Participant: 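Structure provided below as structure tokens; questions to follow.
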Amino acid sequence: MALRLYNTLTRSKEDFQTLEPGVVKMYSCGPTVYNYAHIGNLRSYIFADVLRRALEYSGYEVKHVMNVTDVGHLTSDADIGEDKLDREARKEGKNPWEIARHYEEVFFNDLKALDIEQPTVKCRATEHIPDMIALVEKLLERGHAYETDQAVYYDVTTFPSYTALSRQSLEDKITAARQEVQEDPGKRNPADFALWFKAVGRFENHIMRWDSPWGVGFPGWHIECSAMSMKYLGETLDIHTGGEDHIWVHHPNETAQSEGATGKQFVRWWMHGAFLVVGDLSRGVEERRMGKSEGNFVRLQTLINREYDPLAYRYACLMAHYRTKLKFTWDSIDAAASGYNSLKDFVARAKQIGGEEMPWVGEYRERFKAALADDLNMPMAMAAVSELVREAEKRKEYGVLDALYDFDKVLGLQLRSAAERATNIDKEIESLIMEREEARATKDWARADAIRKQLGDQGILLEDTPAGTLWRRTT
RNA sequence: GGCGACGUAGCCAAGUGGUUAAGGCAGCGGUCUGCAAAAUCGCUAUCACCAGUUCGAUUCUGGUCGUCGCCUCCA
């Protein structure tokens, strides 16, 4: 199956092909582990996961690398500011490494709950400092970088295609827009960004620090992605994913660093996921990105506490295209939960009734694949799923599980295990159901209803259908 | 101030220069049903507004209004 994927670099959909036949080298910008990830962050990883699964579904082997930013980024612009990990560390009375490990663990647990495949390689920034230093040295050698008494900077004027991805002219940007921003007077251009910070001035007490050719300090906040992606995947990646906010700063910087060092194309497909937007959830939606200071911070755990299945959130994400912002409301997650539940109910029913796959199912297989191939149009793929289900019900031909389980390789909604869990009953319950069948045959409604009630109390719902009595666990 | 995106039914959300504008959720009415549950049928959108291009625009162009994002670490 040939995929067409939207490339931010060209702002168009292109026929996807790998550099090396059959193998996709894919890198995803991972989390900064100084706080919990919210569901907006997680949407990006669901997007990357669907992409990865679609590639695997298409027959590729995917080498997927994700970084863990445990160095901490600065809280404000440019060359000053408090390190986020340091700040959290002081607040919680732990050292930055402990903080980072905690949030990292929670993050990967969230991914697991969302049935997101683990990256082939997870790499921590703090464990790749020598790789970063080597890269900075190379950039210095090649004349892309310069040193001041505060830091080592990348000189963006040495990289002519710096704005190719962002398509924003540097002149138009406001620099030092915020009062607290203090620029290093040694910087040559406002857009120059740090490759290495020296532990001087405001950073004198920075907790995380390493030796380097430029003295004790810590790496800049873009260099890790260049160093680690090239270390594990080579100088040219097939796909690089991230949130759409990275189009203008982080990814151009990564490109400048990598291509500046190698002289080769860094990324062939840049792919960016759109934001989840949300407002004051107590009052309906005002479209606003989720943020810690916005009062709209929803974690996966928040959903779990409200008794939503994490996969209902995944389902909600699948109902919107990855390049379109998705409005999150309690109504929308309710809608997703209902839709997901009825899909699970259907597979449980189909599993019990069974049947051979009829030729008409082929049309839906084709529709699903076509939707997937068209830049991961999951809403359209999900529509094909819904219509497949409706068609099966209408025809009373339930041999559609092979197709649905096949689709689920990409959807990641755990349909097979949901069906198995829902229909798995022990001997005792089975014999009660049979007893009830006999009672119904003799119109002993009192006994039949008593058994229905008894099983209902155990979380087992019975459905009397022309095909016999079906059951499923509702808990 | 600069750049960009978006505005489709009660809610979420696809899509297209021209037969009936996907799908999900919610709602209403009917069928089926011992009960229950499910299923099924029907109903619910002049595609923000204005103008232009066109034989024809929701889809292209321009403008207006509104919303949002980026320009600063942030998915």
Side-chain angles (χ1 to χ4, degrees), chain A residues 28-32 34-35 37-48 69 72-78 81-84 166-178 180-181 191 221-222 241-250 272-277 279 284-292 315-316 318-321 323-340 342-343 345-346 349 367 371 377-387 390 393-394 396 440 443 445-446 448-449 452-453 456 461-466 470-472 474:
Chain A
S28 296
C29 277
T32 302
Y34 61 81
N35 202 335
H38 55 63
I39 58 174
N41 300 126
L42 293 172
R43 183 187 181 200
S44 286
Y45 300 105
I46 291 172
F47 147 61
T69 300
H73 283 183
L74 303 180
T75 52
S76 62
D77 180 34
E82 208 176 3
D83 185 282
K84 285 180 172 175
S166 69
R167 300 194 177 185
Q168 279 190 344
S169 80
L170 295 176
E171 293 75 30
D172 293 337
K173 297 187 180 188
I174 292 178
T175 54
R178 293 185 359 182
E180 66 268 30
V181 173
W221 48 80
H222 308 288
T241 73
E244 60 182 348
D245 53 326
H246 287 326
I247 295 170
W248 297 279
V249 178
H250 182 53
H272 296 93
F275 280 135
L276 183 79
V277 295
V285 192
E286 307 155 30
E287 295 171 21
R288 191 167 289 276
R289 69 178 288 184
M290 188 168 282
K292 290 161 198 77
Y315 185 99
L318 291 171
M319 296 297 281
H321 188 90
R323 283 189 287 113
T324 304
K325 64 182 176 177
L326 170 61
K327 288 177 229 172
F328 180 85
T329 63
W330 294 117
D331 282 346
S332 68
I333 187 71
D334 280 342
S338 296
Y340 182 42
S342 39
L343 181 58
D345 289 350
F346 173 81
R349 191 157 54 244
R367 284 177 56 187
N377 191 331
M378 300 318 289
M380 192 170 273
M382 291 297 280
V385 169
S386 295
E387 290 177 41
R390 191 172 16 160
E393 292 282 17
K394 209 186 294 187
K396 305 293 174 203
R440 289 183 71 227
K443 297 193 189 301
W445 306 129
D449 289 348
R452 176 192 290 288
K453 173 86 168 55
L461 178 74
L462 300 183
E463 287 183 24
D464 298 323
T465 75
L470 308 181
W471 61 86
R472 67 172 185 268
T474 57

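Below, read A as the first sequence line, B as the second, and so on, with proteins coming before strands; counting in each chain starts at 1. Bear in mind the structure is a predicted one, so any value in this text is a computation, not a measurement.
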Participant: Holding to salt bridge (Lys or Arg N to Asp or Glu O under 4.0 Å), I want the full list of residues that pass it with A:Asp449, two or more places apart in sequence or in another chain.
Facilitator: none
Participant: Along nucleotides 33-42 of chain B, 5' to 3', which nucleotides get a B, which get an S, and which get a -, given that the test is a protein heavy-atom distance under 4.0 Å?
Facilitator: -BBBBSSSS-
Participant: In whole Å, I'd like the distance from the NE2 atom of A:His321 to the P atom of B:C12.
Facilitator: 19 Å
Participant: CZ of A:Arg167 versus P of B:C71: gap in Å, rounded?
Facilitator: 19 Å
Participant: Establish, with yes or no, whether the OP1 or OP2 oxygen of B:G15 is under 4.0 angstrom from a side-chain nitrogen or oxygen of A:Asn377.
Facilitator: yes
Participant: List the residues meeting salt bridge (Lys or Arg N to Asp or Glu O under 4.0 Å) with A:Arg43, not counting sequence neighbours, and say none if there are none.
Facilitator: none
Participant: Tell me, please, which residues at least two apart from A:Phe275 pass ring-ring contact (aromatic ring centres under 6.0 Å, His included).
Facilitator: none
Participant: When the P atoms of B:C43 and B:G7 are considered, how many whole Å apart are they?
Facilitator: 27 Å
Participant: Choose from B:C74, B:G15, B:G23 the nucleotide whose nearest atom is closest to any side-chain atom of A:Met380.
Facilitator: B:G15
Participant: Sticking with atom P, work out how far B:C25 lies from B:U31, rounded to a whole angstrom.
Facilitator: 23 Å
Participant: For nucleotides B:A21 and B:G30, find the distance between their P atoms and express it as a whole number of Å.
Facilitator: 28 Å
Participant: Sequence neighbours left out, what passes side-chain contact (heavy atoms from CB on, under 4.5 Å) with A:Ala336? Give chain and number order.
Facilitator: A:Tyr315, A:Ala316
Participant: For B:A14 and A:Thr324 - does any side-chain N or O of the residue sit under 4.0 Å from the phosphate oxygens OP1/OP2?
Facilitator: yes
Participant: Checking A:Lys453 now: which residues fulfil salt bridge (Lys or Arg N to Asp or Glu O under 4.0 Å) with it, not counting sequence neighbours?
Facilitator: A:Asp457
Participant: Can you name the side-chain hydrogen bond (donor to acceptor under 3.5 Å, both in side chains) partners of A:Arg323, sequence neighbours left out?
Facilitator: A:Asp375
Participant: Taking side-chain hydrogen bond (donor to acceptor under 3.5 Å, both in side chains) as the test, write out the residues that go with A:Ser44, two or more places apart.
Facilitator: none
Participant: Are A:Lys327 and B:C11 close enough that a side-chain N or O sits under 4.0 Å from OP1 or OP2?
Facilitator: no
Participant: What does the list of N/O pairs under 3.5 Å between the protein and nucleotides 26-32 of chain B look like, with a distance for each?
Facilitator:
none

Participant: Expressed as a whole number of Å, how far does the C1' atom of B:G24 sit from that of B:G15?
Facilitator: 15 Å
Participant: What interatomic distance, in whole Å, is found between C1' of B:A13 and the corresponding atom of B:A26?
Facilitator: 14 Å
Participant: Under 4.0 Å between any heavy atoms, over every strand shown, what does A:Gly273 touch: base, sugar-phosphate, or nothing? Just pick one.
Facilitator: nothing
Participant: On RNA chain B, does the nearest nucleotide to A:Tyr340 precede the nearest nucleotide to A:Tyr45 from the 5' side, or the other way round? Give the residue.
Facilitator: A:Tyr340
Participant: Name all residues meeting the salt bridge (Lys or Arg N to Asp or Glu O under 4.0 Å) criterion together with A:Glu244; count only those two or more places apart in sequence or in a different chain, and write none if there are none.
Facilitator: none
Participant: Provide, to the nearest angstrom, the distance between the CH2 atom belonging to A:Trp248 and the P atom belonging to B:C3.
Facilitator: 14 Å
Participant: Rounding to the closest angstrom, what is the interatomic distance between B:U8 and B:A22 at atom C1'?
Facilitator: 12 Å
Participant: Of all the nucleotides listed (B:A13, B:G23, B:C11), which has the minimum atom distance to the side chain of A:Ala383?
Facilitator: B:G23
Participant: Using heavy-atom distances to pick each residue's nearest nucleotide on RNA chain B, tell me which of A:Tyr315 and A:Ser332 is more 5'.
Facilitator: A:Ser332
Participant: For A:Met319 and B:G15, what is the distance between atoms CE and C1' respectively, to the nearest whole Å?
Facilitator: 14 Å
Participant: Give me the distance, rounded to whole Å, that separates B:G17 from B:U53 when you measure between the C1' atoms they each carry.
Facilitator: 12 Å
Participant: Dot-bracket, RNA chain B: Watson-Crick or G-U, under 3.5 angstrom, [ ] crossing, | other strand?
Facilitator: (((((((..(((.....[....))).(((((.......)))))....(((((..]....))))))))))))....
Participant: State which residues pass side-chain contact (heavy atoms from CB on, under 4.5 Å) with A:Thr465; sequence neighbours excluded, sorted by chain then number.
Facilitator: A:Glu463, A:Ala467, A:Leu470
Participant: Mind calculating the distance between CZ (A:Arg323) and C1' (B:G15) to the nearest angstrom?
Facilitator: 13 Å
Participant: CD1 of A:Ile39 versus C1' of B:C74: gap in Å, rounded?
Facilitator: 16 Å
Participant: Rounded to whole angstrom, note down the P distance from B:G52 over to B:G10.
Facilitator: 29 Å
